[in-house]
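Data first, discussion second: the structure below is written as structure tokens.
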Amino acid sequence: MNRVVITGLGVFSAAGKAVPAFWETVREGRSVIGPLTIIDTSDLHIKIGAEIKDFEPKDHFLPKQLALLDRFSQLAVMASREAIEDAGVTFEGEDGERTACLIGSGVGGQQTLDESYYRIYAQGRKGVHPFTIPRLMLNAACSHVCMEHGIKGPAFAVASACSSSTHAIGQAYHMVRSGMVHTAVTGGTEACIALGTMKGWEAIRVMATDTCRPFSKGRTGMTLGEGAAVVVLETLERAKARGARIYAELCGFGMSSDAMDITLPDANGAARAMTGALKDARLNAEDIDYVNAHGTGTAANDVTETRALRMALGNGVAEKLAVSSSKSVFGHALGGAGALELVVTALAIRDSVVPPTANFTERDPACDLDYVPNQPRERKIRAAISNSFAFGGLNAVLAVRRFDG
Amino acid sequence: MSSVESDVYDIIAEKSAVDRVKLKRDAKLTDLEIESLDVVEIIFAVEEKFDIHVPYNANDQELEFETVGDVIDAVQKLIDEGKPA
């Protein structure tokens with residue numbers, strides 16, 4: 001089996017439209033959650049989120065392209081451009097055919113759906129735009145990334161709500177590890193700031209009214225944040241042969257299903273995914289220095305995840321590691337969240353810095369681990385895990401190890 | 001029994017597994033063991049029925065309502081506030 005390394009990173013998020021700005025914002029714990037401006041919030045009770053500001057799609061895409069690109073595809077393509085340039089990979093000839101492209105998303109083209117329904121039901125128009133279907137389909141982002149760069153190997157979209165991109169990256173990791181492909185361009189995207197989507201999230205009554213403060217006492221729930229992230233995975237052999245810069249080694253992947261409840265999380269399921277990732281990576285709990293938590297900021301997730309961490313890593317070990325939630329900074333990107341958080345995890349390992357949990361005000365007795373409140377912390381990270389737990393009880397965990405050559 | 005009270009009982013009985021006869025003003029919500037998703041559905045049905053907005057958040061760590069009567073009073077208050085003076 002091949003060892004798999006991360007050689008390219010790309011993000012397009014409210015916390016930064018490229019990796020350097022994004023990482024500085026996340027590392028310093030500067031939350032970008034605030035009043036929404038890209039949609040009309042006058043009819044919403046929840047008016048906050050993390051949106052990508054000052055993004056003019058026409059500056060980055062040709063008019064002909066734009067007609068086919070829902071915002072979720074735009075974000076994915078933007079992130080993929082950075083990741084591929086960062087890795088310095090090309091896809092000519094056989095290299096294109098031996099590269100996989102797996103992009104996760106929870107829903108797909110939500111703005112396109114919203115606009116189409118508005119035309120039909122509110123405006124009483126007779127038809128919708130002819131590109132409605134190719135814009136909204138869940139695999140549109142994946143297909144546009146392939147077309148943009150000429151990636152011709154295995155390619156598809158992965159959907160598991162808030163775990164989508166972690167499942168996509170895990171699947172891509174398996175393909176590179178097995179030798180099915182030598183390179184994978186993988187990640188996830190979500191453009192969730194659409195009126196219909198916001199209404200849906202509002203209705204399920206888990207949205208924060210003030211801001212997202214994971215694991216903190218007084219937290220009032222989750223906050224949506226749009227965004228995409230893409231990483232380039234390669235076999236260690238190929239990365240070395242072409243002298244690529246290696247951020248970290250992707251070394252394990254664990255998955256599980258709660259089979260319990262469609263919205264409530266189950267500590268047993270979450271713990272099984274973490275244990276599976278450690279076993280796959282041949283890591284012991286003691287080897288883990290950092291956990292990038294799912295950490296949504298809901299009452300249910302944060303308590304359940306804390307219990308699951310204790311179950312998977314063991315009492316006595318769980319207290320010693322650093323746990324933080326990047327959603328406190330850039331909100332919950334749903335199907336894009338796991339990819340954004342893998343980028344955070346890789347950079348934390350590279351720089352030996354644990355990014356904090358922002359907006360943390362007070363310790364919650366039911367969340368009794370070290371959540372690195374508000375301030376980054378220097379710490380050598382030998383290995384880390386990145387957790388994603390989805391509505392529907394579908395859990396996915398990636399294990400990442402420091403690569404020292 | 002007011003019509004609001006009767007309507008609230010109807011909604012709770014329809015959306016949860018609780019028997020209509022167990023619904024009384026002094027019944028404690030915790031004793032009725034209504035599941036969290038059912039609570040969300042009940043609140044939505046109440047909002048639709050009375051054309052009000054109930055500012056409920058499932059993350060609130062301190063429960064505002066103890067009994068079914070507390071819920072009925074809160075609904076009545078929201079209806080009264082929504083009426084033109």
Side-chain angles (χ1 to χ4, degrees), chain A residues 41-48 198-224 258 260-266 295-306 325 327-328 332 359 361-367 391-393, chain B residues 4 7-18 23 28-68 70-84:
Chain A
T41 58
S42 54
D43 204 24
L44 290 168
H45 297 291
I46 305 295
K47 299 173 191 288
I48 57 164
M198 290 291 296
K199 280 275 174 199
W201 280 101
E202 211 175 75
I204 205 159
R205 311 280 176 160
V206 294
M207 302 296 279
T209 48
D210 51 351
T211 190
C212 177
R213 43 179 105 256
F215 303 109
S216 172
K217 194 169 180 218
R219 64 187 179 278
T220 58
M222 56 179 275
T223 303
L224 293 184
D258 293 344
M260 190 194 80
D261 191 275
I262 198 70
T263 57
L264 283 179
D266 173 29
T296 56
T298 64
N301 175 81
D302 296 358
V303 173
T304 305
E305 186 167 11
T306 299
S325 168
K327 292 183 177 79
S328 59
H332 193 343
N359 303 323
T361 49
E362 199 182 332
R363 217 170 148 71
D364 176 357
C367 298
F391 262 11
Chain B
V4 170
D7 287 342
V8 169
Y9 291 163
D10 286 345
I11 289 168
I12 295 174
E14 190 201 328
K15 301 291 179 191
S16 70
V18 179
L23 294 169
K28 284 204 168 72
L29 292 172
T30 45
D31 294 341
L32 296 172
E33 293 181 345
I34 300 171
E35 288 182 19
S36 64
L37 266 189
D38 292 339
V39 172
V40 172
E41 256 209 292
I42 289 165
I43 289 164
F44 179 62
V46 166
E47 287 182 332
E48 292 276 288
K49 174 86 190 169
F50 302 108
D51 193 21
I52 54 173
H53 170 65
V54 182
Y56 168 79
N57 181 335
N59 299 293
D60 280 346
Q61 286 155 329
E62 285 151 33
L63 207 59
E64 288 170 59
F65 307 117
E66 198 188 346
T67 65
V68 175
D70 294 339
V71 175
I72 293 162
D73 292 343
V75 170
Q76 187 63 59
K77 188 161 171 274
L78 287 165
I79 295 168
D80 294 343
E81 282 168 3
K83 275 183 191 154

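Letters go in sequence order (proteins before strands), and every chain restarts at 1. Excluded from the calculations below are hydrogen atoms, water molecules and symmetry mates; all remaining heavy atoms, backbone and side chain alike, are included.
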Mind listing the closest non-hydrogen atom pair of [X] and [Y] along with its distance?
X         : Y        : answer
Ile204(A) : Val40(B) : O-CG2, 3.8 Å
Gly297(A) : Asn59(B) : O-OD1, 4.5 Å
Thr220(A) : Asn57(B) : O-ND2, 2.8 Å

Could you tell me whether [X] atom [atom1] has more than 12 heavy atoms of other residues or ligands within 6.0 Å of it?
X         : atom1 : result
Lys47(A)  : NZ    : yes
Phe50(B)  : CZ    : yes
Lys199(A) : NZ    : yes

- Let me know if Glu47(B) has heavy atoms under 4.5 Å from chain A in its side chain, its backbone, both or neither. side chain
- Separation between CD of Glu35(B) and CG of Asp261(A), rounded to the nearest 0.5 Å: 7.0 Å
- Steps toward side-chain contact (heavy atoms from CB on, under 4.5 Å) verdict (Ile43(B), Arg205(A)): CA-CA 10 Å; Ile43(B) 289 164; Arg205(A) 311 280 176 160; 3.3 Å; yes
